[in-house]
Number of protein chains: 2
Amino acid sequence: MTDSTSAAAPNGSVRRPVQLTPMQVPKASDVLADDLRERILRGEFPEGTALPPERELVAQTRMSRTTVREALRILEVQGLVQIRTGRAGGAFVQRPGEESIASTVSLLIRGRQVRLAALLETREAVEPACAQLAAKYRTDTDLEALDRANDAIAAEGTLAEFLQANVDWHVAVAVASHNELLTGFMGALSRAIYAATDNQGFIDASVRKTTLRAHRSITDAIRKRDAAAAVRRMTRHVHEYASAVLEVEDRTEIEVPGD
Amino acid sequence: MTDSTSAAAPNGSVRRPVQLTPMQVPKASDVLADDLRERILRGEFPEGTALPPERELVAQTRMSRTTVREALRILEVQGLVQIRTGRAGGAFVQRPGEESIASTVSLLIRGRQVRLAALLETREAVEPACAQLAAKYRTDTDLEALDRANDAIAAEGTLAEFLQANVDWHVAVAVASHNELLTGFMGALSRAIYAATDNQGFIDASVRKTTLRAHRSITDAIRKRDAAAAVRRMTRHVHEYASAVLEVEDRTEIEVPGD
DNA sequence: TGTTAGTTTGGGTACGACCAAAGGTGCGGT
DNA sequence: ACCGCACCTTTGGTCGTACCCAAACTAACA
């Protein structure tokens, strides 16, 4: 060990200067989790099927139950399985959904204290695109969801109800784009922006009216499959909203409720 | 228990018909994880500080070590702590970064078999916005990174090198926007698109040349803080790239390497 | 003085036992 | 024959203990 050349070992055999990498011993639970994850993503287990019971996995893998459980827990946190207790319980395979993106984004937003301005900037980037695609790909079901959200806004309920309906509409637009990535992003953004604008009561009757009109006009463009108009109006709508918010509360840090 | 009205208990006290909700017993490890996560996000522990050792947490929480470990593992998966072994080891607090978003998005993409077209659509939404903000907020350091990536493209290396340099440039644009959310999204998208276009060799010398020219021209707009030009050129560049890719490989499923 | 063999602190894994939840089963009553 | 309830079985959740391994510190030894 003191020198890197060959040396005679006490018993006369030759010690070769074996060079080995700094070593990295992956944790057993990670290995199992990686394997299972790979198989799940590969589609080896259809959605809804139950993985073998923990004790069964223990037998198969020769790992301890602790390790197996940790692996399953990892997959659960990543949204790849859902664990249920009870007799017919177990780890049920599921495809990761928008919630997993939304919660991760929430973590990033809170953890890094992303500025409200950055949130709004991002929305200004994403939503017009959603509107455009929605105009291209929307189904009648999508339109119904949009109309329903607009009706809820017109209902003039409490502030919370208004904000919720507002979020619902925006998410509905994203859903209508039939792009799961954009939908996931928008879901995350909406939640965060909702939380950020919740307490600050700059929303009065006129704001609601303006919002409703803008939504209806955009919904119309989507209905008519007028992508250009949808983009234009959405861009304007989101930009105005952003300006309004920033005017009231400039340079504010965000608070997002936990997932 | 057999009847829901009041009844005299054996000892003479009255049994009131208490009505209780269907009950929801959260898992112990989740409770701990939630608590720690909340504190971390609240900034109670500065980045880099070590949480108490597992055995210490066991003493404080009166939970078993298994439970404590599971909680820490959850936080690790969520990117909130990093666990190191050894004497000075432990769970070290860290803020979730772009990688956590990227890996989550990768899971979504693979798990839901998001179409390549959807990926490109999303990029067409996000990147122009990045370019715009980059033109507004770029620093000299950002420009250096952009130029470096462009030089790497000009170097005419292997396909892998070209693709990597390409990704680097796009990510550099996102970074220059100084918007952590957009950066995170772009990181995830780039990785996925990189993986999707890797094996299909539709990239020849002319494509490289075109790419380089587009990048240089966009970089220039960013350098001159010409937001409008940056948006316009980036929109065009990304759109052309998307068209080209889709022309070659239409309706293909994606493969993304694990995180 | 430098090397090396403990020593200490901390995470990683393994068992084994028992609790809790939930579906299934069978016995007894009607 | 049918219904209801007590009991059993399966499967995850928690606990406690013991032991191993990695890393950093310490002290003895050459």
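Letters A, B, ... mirror the listed sequences (proteins, then strands); counts begin at 1.
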Could you tell me the separation between the CD atom of B/E54 and the P atom of D/dG16, rounded to a whole number of Å?
-> 15 Å
Rounded distance in Å - CZ (A/R73) to P (D/dT14) | 7 Å
Specify the closest pair of heavy atoms between B/R115 and A/H178, including all atoms of both residues, with the distance to one decimal.
-> NH2-O, 3.3 Å
Looking only at side-chain atoms of A/R55, point me to the closest of C/dC18, D/dT14, C/dG11.
-> C/dC18
Closest listed nucleotide, where the reference is the side chain of B/R87 and the choices are D/dA22, D/dG13, D/dC25 | D/dC25
To the nearest Å, how far apart are B/L57 CG and C/dG12 P?
-> 13 Å
Rounded to the nearest Å, what distance is computed from the CZ atom of residue B/F92 to the P atom of nucleotide C/dT9?
-> 16 Å
Separation of C/dA14 atom C1' from B/E70 atom CD, nearest Å, is 16 Å
Here the distance between atom C1' of C/dG10 and atom CD of B/E56, to the nearest Å, is 12 Å
Please assess A/R69 against A/L72 for the test side-chain contact (heavy atoms from CB on, under 4.5 Å), listing each intermediate value before the final yes or no.
-> CA-CA 5 Å; A/R69 281 181 56 76; A/L72 292 177; 5.6 Å; no
Check whether any side-chain nitrogen or oxygen of A/S64 sits under 4.0 Å from OP1 or OP2 of C/dA14, and answer yes or no.
-> yes
Across the strands shown, which category fits A/L72 at heavy-atom distances under 4.0 angstrom: base, sugar-phosphate, nothing?
-> nothing
For A/T85 and for A/A28, locate the closest nucleotide of DNA chain C by heavy-atom distance; then report the residue assigned to the nucleotide nearer the 5' terminus.
-> A/A28
Phosphate OP1/OP2 of C/dG12 contacted by A/T66 side-chain N/O (<4.0 Å) = no
By nearest nucleotide on DNA chain D, pick out whichever of B/R65 and A/I83 is the more 5' one.
-> A/I83
Residue met sooner reading DNA chain C from 5', once A/V58 and B/A88 are mapped to nucleotides | B/A88
Between OG1 of A/T122 and CD1 of A/I109, what distance do you get to the nearest 0.5 Å?
-> 8.0 Å
Please determine, by modelled atom types, if B/S106 and B/S103 share a side-chain donor-acceptor pair under 3.5 angstrom.
-> no
Length of the CD-C1' vector between A/Q82 and D/dT11, whole Å = 15 Å
Does B/R84 put a side-chain nitrogen or oxygen below 4.0 Å from OP1 or OP2 of C/dG11?
-> no
Does B/R69 have a side-chain nitrogen or oxygen under 4.0 Å from the phosphate oxygens OP1 or OP2 of C/dG12?
-> yes
Whole-Å distance between D/dT11 C1' and B/K27 NZ?
-> 12 Å
Yes or no on side-chain contact (heavy atoms from CB on, under 4.5 Å) for B/H170 and B/C130, after CA distance, side-chain angles and deciding distance?
-> CA-CA 9 Å; B/H170 283 277; B/C130 288; over 6 Å; no
